[in-house]
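Keep in mind that what you see is a predicted model, and the values were worked out from it rather than measured. Letters A, B, ... are given to chains in the order of the sequence lines, protein chains preceding strands, and every chain is numbered from 1.
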2 protein chains.
Amino acid sequence: MKFCSHCGSADIRLKIPKGDNRERYICSHCNTIHYSNPKVVVGCLPVWEDKVLLGKRSIGPRKGLWNVPAGFMENGETVEEGAKREVFEETNAKVEISGLLTLYSIPRINQVYMHFFGNLENLDFSAGMETSDVQLFSEAEIPWDSIAFSSSEFTLKHYFADRKKGSFTTHSGALLL
Amino acid sequence: MKFCSHCGSADIRLKIPKGDNRERYICSHCNTIHYSNPKVVVGCLPVWEDKVLLGKRSIGPRKGLWNVPAGFMENGETVEEGAKREVFEETNAKVEISGLLTLYSIPRINQVYMHFFGNLENLDFSAGMETSDVQLFSEAEIPWDSIAFSSSEFTLKHYFADRKKGSFTTHSGALLL
């Protein structure tokens with residue numbers, strides 16, 4: 001942040017506001033405090049019988065690697081609406097959400113992943129704009145060496161482990177670097 | 001947003017960026033796209049034997065009403081670290097987190113609440129800076145008519161219902177207005 005988005009002043013300083021306990025960008029001209037907070041990435045692992053649907057990324061980062069359909073949550077939506085929207089945008093598939101499978105924090109980049117799981121409504125899926133391929137994988141077929149992000153690996157491992165147990169629960173984890 | 005925080009230009013327009021599907025604030029001068037996304041509120045319901053700890057808000061909104069200790073997640077922390085930090089800031093209490101109890105979206109104000117639950121480490125608690133009182137309540141003592149936010153009501157109801165069942169799970173809900 002170089003300029004105040006409220007008044008346009010370039011006199012922005014990192015200071016601790018009164019009553020706060022950490023530094024924020026504060027405009028010395030209009031006193032606006034500019035907060036910065038983590039972003040939420042929402043997604044859903046689509047399930048069909050014993051298989052799950054992954055998308056191959058056609059854009060960076062991790063272009064060419066496989067991923068649980070997910071993306072930044074948008075204003076004006078619930079977490080479930082965001083997860084269903086991301087599945088549709090990336091794989092043109094519709095899912096019915098069963099529950100939250102994983103919660104995964106990456107504090108270094110100020111992100112929180114929420115991956116749901118749920119059944120595909122039908123087998124009508126295809127690559128979306130940021131995806132070059134979409135495929136159903138059984139557990140044995142998962143390309144473990146070509147998974148795009150650790151959040152997706154975390155989700156896939158817990159999905160198959162919970163399925164073996166016969167009951168699903170929410171798992172929380174973090175990438176601490 | 002009235003000025004570009006990157007270059008200071010006042011020529012900010014709501015437009016759909018190439019490859020996107022919704023309007024963003026874009027600077028016509030330096031082409032920076034200014035994204036706005038929902039914020040995460042993290043908290044934890046502290047438990048001691050058959051009672052839970054609530055804090056009475058000493059600031060607006062909902063000053064004087066009781067709340068599950070919670071607040072905005074900060075950059076650089078995991079969701080659990082944020083929840084424990086908020087409990088400590090509001091009630092000077094330390095908790096050991098057991099799990100995520102509720103996930104609660106409020107799309108109208110672009111917020112997602114995540115309330116964990118967990119045992120108090122000891123009975124050392126007191127009002128923090130934004131709190132005027134801190135008290136342990138049994139289920140029968142909960143001041144249902146004086147709960148600050150619907151997210152806290154959602155959490156308290158699910159906590160006591162799950163406790164009766166003898167097993168806790170993650171519940172997702174939303175305030176749709």
Legend entry - Greater than 12 external heavy atoms within 6.0 Å of B:R13's CZ: no

Practice item. Report whether B:Y104 and B:F72 are members of the same hydrophobic cluster (ILVMFWY, side-chain heavy atoms less than 4.5 Å apart, transitive linking). Key: yes

Ranking A:M1, A:M129, A:H6 by heavy-atom pairs under 4.5 Å to chain B gives rank one to A:H6

Assert top hit (heavy-atom pairs under 4.5 Å, partner chain B, pool A:T170, A:I106, A:L176) equals A:T170

Residues 82-97 of chain B vs chain A, non-hydrogen distance cutoff under 4.5 Å, contacting residues -> B:R85, B:E89

Would B:W66 and B:I142 show up in the same hydrophobic cluster when neighbours are defined by side-chain heavy atoms closer than 4.5 Å? yes

Would you say A:V68 ends up clustered with A:L175 if hydrophobic residues are merged whenever their side chains have heavy atoms under 4.5 Å apart, either directly or through other cluster members? no

So, the part of B:L103 with a heavy atom under 4.5 Å from chain A: the answer is side chain

Under 4.5 Å to a heavy atom of chain A? For B:T78 that would be both

Interatomic distance, CG@B:L100 vs NE2@A:H171, rounded to 0.5 Å, equals 12.0 Å

| task | Answer yes if A:F3 and A:I26 sit in the same cluster of Ile, Leu, Val, Met, Phe, Trp and Tyr residues linked by side chain heavy atoms under 4.5 Å apart, and no otherwise. | result | no

Pair count under 4.5 Å, heavy atoms only, with chain A: among B:A10, B:S105, B:S172, highest is B:S105

*Near B:Y25 OH, under 6.0 Å, is it more than 12 heavy atoms from other residues, nucleotides or ligands?*
no

Heaviest contributor of heavy-atom pairs below 4.5 Å to chain B, chosen from A:H34, A:E74, A:K39, is A:E74

Give a yes or no on whether B:L156 and B:F168 share a hydrophobic cluster (residues Ile, Leu, Val, Met, Phe, Trp, Tyr; joining criterion: side-chain heavy atoms under 4.5 Å apart).
yes

Residues 108-117 of chain B vs chain A, non-hydrogen distance cutoff under 4.5 Å, contacting residues -> B:N110, B:V112, B:M114, B:F116

Among A:N21, A:V40, A:T169, the residue with the most heavy-atom pairs under 4.5 Å to chain B is A:N21

